[in-house]
Engineer: 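Please see the structure below; I have some questions.
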Amino acid sequence: MSPPAPRVICWFRTDLRVHDSPALHAALALAPACLYPVWCWDPHYVRTAPVAPNRWRFLLECQRDLSAALTRLNPAQRLFVLREAPTTLLPKLFAAWNITHLVFERDTDTSYGALRDAEIVEKARNAGVQVVTAAGRTLWDPVDITREAGGKPTMSLTAFMKAAKKLGDPAKPLDAPTSLPDPGDLTLSFEHAPPSSDTDINAPHRRGHGDQSYVALAGPGGDFSVPTLEELGIPASAATTPHQGGETIALQHLAKLIADPKYIATFEKPKTAPTAFEPASTTLLSPHLHFGSLSVRRFLHDVQNATAKHTGKKSSPPTNLPGQLYFRDMYFAAQHAVGPAFGCELGNPVVRYIPWHLPSTDTGYTVDSLEAHAWFVRWAWGLTGFPFVDALMRQLRAEGWIHHLGRHMAACFLTRGGAYVHWERGAAVFAELLLDHEPACNAGNWMWLSCTAFFAQYYRVYSPVAFGKKWDPEGTFIRRYVPELAEYSNKWIYEPHRAPREEQRKAGCVVRALEEGGKNSGDVYYPAPMFDFAERREVCLAGMKEAYKVGVHGDDARVVNGTARDALFGNEHGAASVETGTAGEKRKRAGSTLDGWVQKKTCT
DNA sequence: TAGATGTTGCGAGG
DNA sequence: CCTCGCAACATCTA
């Protein structure tokens, strides 16, 4: 007698698609008698990391699109969304639904994701459920890259490509299935374990009734529906991004790009304008790669095909489109080799220690300088008084995406090229606001731009005036995202504080110190620059030079035990005198000057 | 171990 | 469009 046909859960996580989904493919290869496509609404993601409403909306759109795609393949199918942590839920489902196999895409996360997966694999074994994992998030498996790189983190594209070459071409993308088996019995005859409500870092985004997504295991209608923003307690108006999620949109967008082989074949990242919008100068596919609404191998494959169609000069790595994907893989692989410390300074062997302002503590960060804290808050809200920087930061807040070079400008400005604030502060803001936030890439790029890893030429500093002008001398980008400056002439649009008062009035927006306040009058104001850039550039360069000379990394004992700043750096560039008052009080004082400005800056 | 190279600086000068 | 000086880092190749 042959064994009964498998009853399979395909657990979707960051692979919200049916095209080239290795996990779905592996699940179907088991020839299951029944298949349960499942999403677990994990309270860890929902409640312990700050996430802006834009990203929730994008995720829900991806889930709805995947659910619809599954239903098209079999009207009895959908994405079964369950509101409980996978570690407690999956074991209960194994029993309730008589599951024989659990299939999922392996997480590249080295901390929470790895621990959670290990726990689930263990529980599956105990339940007699076979676990099948697939790798699909990157072109090459970070495990394989790390092995080929001799166990060392890939700290340059050269090192990464050398390792990748030994592994051969990435796997070819798989076609979407043409049919799906039915799901089996959907009875949920067990206790629902909603999360405790004491931690919810995203509470400020929610309406009065808070997060309702855990009230019922299978959703308010008991039909396993994809949650709505309303269910999460997030007002629809809070999600302001024009960028939409979902595999359908991702594939349409990819097809449109591919239809222009010249664009694809000659793409050179450094030549694309960070000031372009509607349309952007790059592909804008990164949010889809993050949520898995587009397979990175599918992207590469289509790019290679389109490139082959183009006759004439072609670009090559690192600047061409495949090069961009290689950088992404490089960061994933480096993160894998370093482990959880890759995302921070503490204990990180590859990151250079620099006595930045606002260094991290166990629970937050130290306000070592009120001035620097004010700079950080103003940066985060697009009120630095440097229009190009402010335009970028407002675009980020409103839309959840900015061009890669714009991220360079913003990151350099906050860290080594202006405010000398710790890169972890900036990374946290990006992590909350970016639709495409990918922990490995975010940390990697912040280390790159702060010249603490991957890149070291700290004397190349981006100018908030010159850099944008190179692509956009008319300041079209600034006029779009800093609308109060729209009437300024080209001459002053990058430096409105230098315009004569008369011209400022004529342009309908007067520049004045942020401390003087932005309201209490019918007039429109734009803040004066928060510091003298040329002066700050020199201070930062001197600080970097000193820190490079000291040459200590995040895993140094003195960094780990907290003595590095005082022991290794003089007052001038490091051991900043600690001011009195609790960190909370100081933060409040430093941020209070934004009253009246923060409302005004909102873009529509 | 020297010399070239490294995704994406700026400003002056040609 | 190009090159150079600026003051100068880490990594890779030969």
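Protein chains get the first letters and strands the later ones, always in sequence-line order, with residue 1 at the start of each. These numbers come from a predicted model, not from an experiment.
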Engineer: Using the P atom as the reference point in each nucleotide, state the distance between B/dT7 and C/dC1 in Å, no decimals.
Structural biologist: 22 Å
Engineer: Counting only side-chain N and O atoms of A/Lys162, is one of them less than 4.0 Å from OP1 or OP2 of C/dT13?
Structural biologist: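 Affirmative; the distance criterion is met.
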Engineer: Would you measure the distance from the P atom in B/dC10 across to the matching atom in C/dA10 and give it in whole Å?
Structural biologist: 22 Å
Engineer: Is there any side-chain hydrogen bond (donor to acceptor under 3.5 Å, both in side chains) pair reaching into residues 311-329 of chain A, and which pairs are they, with sequence neighbours excluded?
Structural biologist: A/Lys269-A/Gln324
Engineer: Across the strands shown, which category fits A/Gln324 at heavy-atom distances under 4.0 angstrom: base, sugar-phosphate, nothing?
Structural biologist: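 It contacts base atoms.
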Engineer: A/Tyr548 near the nucleic acid: base, sugar-phosphate alone, or nothing, with a heavy-atom cut-off under 4.0 Å?
Structural biologist: sugar-phosphate
Engineer: Classify A/Phe454 by what it touches in the nucleic acid, base, sugar-phosphate, or nothing, heavy-atom distance under 4.0 Å.
Structural biologist: nothing
Engineer: Using the ring of A/Phe332 (Phe, Tyr or Trp, six-membered ring only), decide whether A/Arg137 places NZ or CZ under 6.0 Å from its centre and within 45 degrees of its axis.
Structural biologist: no
Engineer: Please confirm whether the ring centroid of A/Phe454 lies under 6.0 Å from the ring centroid of A/Tyr331.
Structural biologist: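 A/Phe454 vs A/Tyr331: aromatic centres under 6.0 Å.
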Engineer: Provide, to the nearest angstrom, the distance between the CZ atom belonging to A/Phe160 and the P atom belonging to C/dC12.
Structural biologist: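 Atom-to-atom, A/Phe160 to C/dC12, this comes out as 14 Å.
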Engineer: How far, in whole Å, is C/dC4 from B/dT5 if one measures between their P atoms?
Structural biologist: 14 Å
Engineer: With sugar-phosphate meaning primed atoms plus P, OP1 and OP2, does A/Lys271 contact a base, only sugar-phosphate, or nothing at under 4.0 Å between heavy atoms?
Structural biologist: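 No contact at all - A/Lys271 keeps every heavy atom at 4.0 Å or more from the nucleic acid.
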Engineer: Is a donor from one side chain sitting under 3.5 angstrom from an acceptor on the other, for A/Asp368 and A/Thr366?
Structural biologist: no
Engineer: Of the nucleotides C/dA8, C/dC9, C/dC12, which has the atom closest to the A/Ala159 side chain?
Structural biologist: C/dC12
Engineer: Find the distance A/Tyr459:OH to C/dG5:C1' and express it as a whole number of Å.
Structural biologist: 13 Å
Engineer: Would you tell me whether A/Arg425 and A/Ser360 have side-chain atoms, one donor and one acceptor, within less than 3.5 Å of each other?
Structural biologist: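 Yes, side-chain donor-acceptor contact under 3.5 Å.
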Engineer: Quick one: label A/Lys549 by what it contacts on the DNA or RNA (base, sugar-phosphate, nothing), any heavy atom closer than 4.0 Å.
Structural biologist: nothing
Engineer: Would you write the dot-bracket representation of DNA chain C, where each base gets (, ), [, ], | or . depending on whether it forms a Watson-Crick or G-U pair under 3.5 Å and with which partner?
Structural biologist: ||||||..||||||
Engineer: Pick base, sugar-phosphate or nothing for A/Arg352, based on heavy-atom distances below 4.0 Å to the nucleic acid.
Structural biologist: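 Sugar-phosphate only.
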Engineer: Relative to the ring of A/His403, is the ring of A/Trp401 parallel (under 30°), tilted (30 to 60°) or perpendicular (over 60°)?
Structural biologist: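 Aromatic pair A/Trp401/A/His403 classed perpendicular.
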Engineer: Grab the NZ-C1' distance between A/Lys152 and C/dA10 for me, whole Å please.
Structural biologist: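 So the NZ-C1' distance, A/Lys152 to C/dA10, works out to 15 Å.
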Engineer: Expressed in angstrom and rounded to an integer, what is the separation of A/Glu538 atom CD from C/dC6 atom P?
Structural biologist: 14 Å
Engineer: Before we go on, tell me: are the rings of A/Trp375 and A/Phe531 under 6.0 Å apart, centre to centre?
Structural biologist: yes
Engineer: Nearest-Å distance, CD (A/Gln457) to C1' (C/dC12)?
Structural biologist: 14 Å
Engineer: Which part of the nucleic acid, if any, lies within contact of A/Ser156, taking any heavy atom under 4.0 Å across all strands shown: a base, the sugar-phosphate backbone alone, or nothing?
Structural biologist: sugar-phosphate
Engineer: Say you pick atom P in B/dG11 and the same atom in C/dC9; how far apart are they, in whole Å?
Structural biologist: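 Going atom to atom, P in each nucleotide, I get 22 Å.
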Engineer: Compare side-chain N and O positions of A/Lys545 against OP1 and OP2 of C/dA8 and report whether any pair is under 4.0 Å apart.
Structural biologist: yes
Engineer: How far, in whole Å, is B/dA4 from C/dT3 if one measures between their P atoms?
Structural biologist: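 Result for the P pair: 16 Å, nearest Å.
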Engineer: Remember a base hit wins even if backbone is also touched, and classify A/Trp448 as base, sugar-phosphate or nothing at under 4.0 Å, heavy atoms.
Structural biologist: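 Base, at least one base atom sits under 4.0 Å.
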Engineer: Is there a donor in the side chain of A/His408 and an acceptor in the side chain of A/Tyr462, or the other way round, less than 3.5 Å apart?
Structural biologist: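 Per modelled atom types, A/His408 and A/Tyr462 side chains form a pair under 3.5 Å.
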Engineer: In terms of side-chain heavy atoms, does A/Asn305 have a donor or acceptor partner in A/Thr307 at a distance below 3.5 Å?
Structural biologist: no
Engineer: Going from CD on A/Glu399 to CG on A/Asn54, what distance comes out if it is rounded to the nearest 0.5 angstrom?
Structural biologist: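 One finds 8.5 Å between CD of A/Glu399 and CG of A/Asn54.
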Engineer: Judged by modelled atom types alone, do A/His497 and A/Gln504 share a side-chain donor-acceptor pair under 3.5 Å?
Structural biologist: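 No pair is found: no donor N or O on one side chain lies under 3.5 Å from an acceptor on the other.
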Engineer: Walking along DNA chain B from 5' to 3', note the first and the last nucleotide with an atom under 4.0 Å from a heavy atom of chain A, and give both.
Structural biologist: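 First and last nucleotides in contact are B/dG6 to B/dG11.
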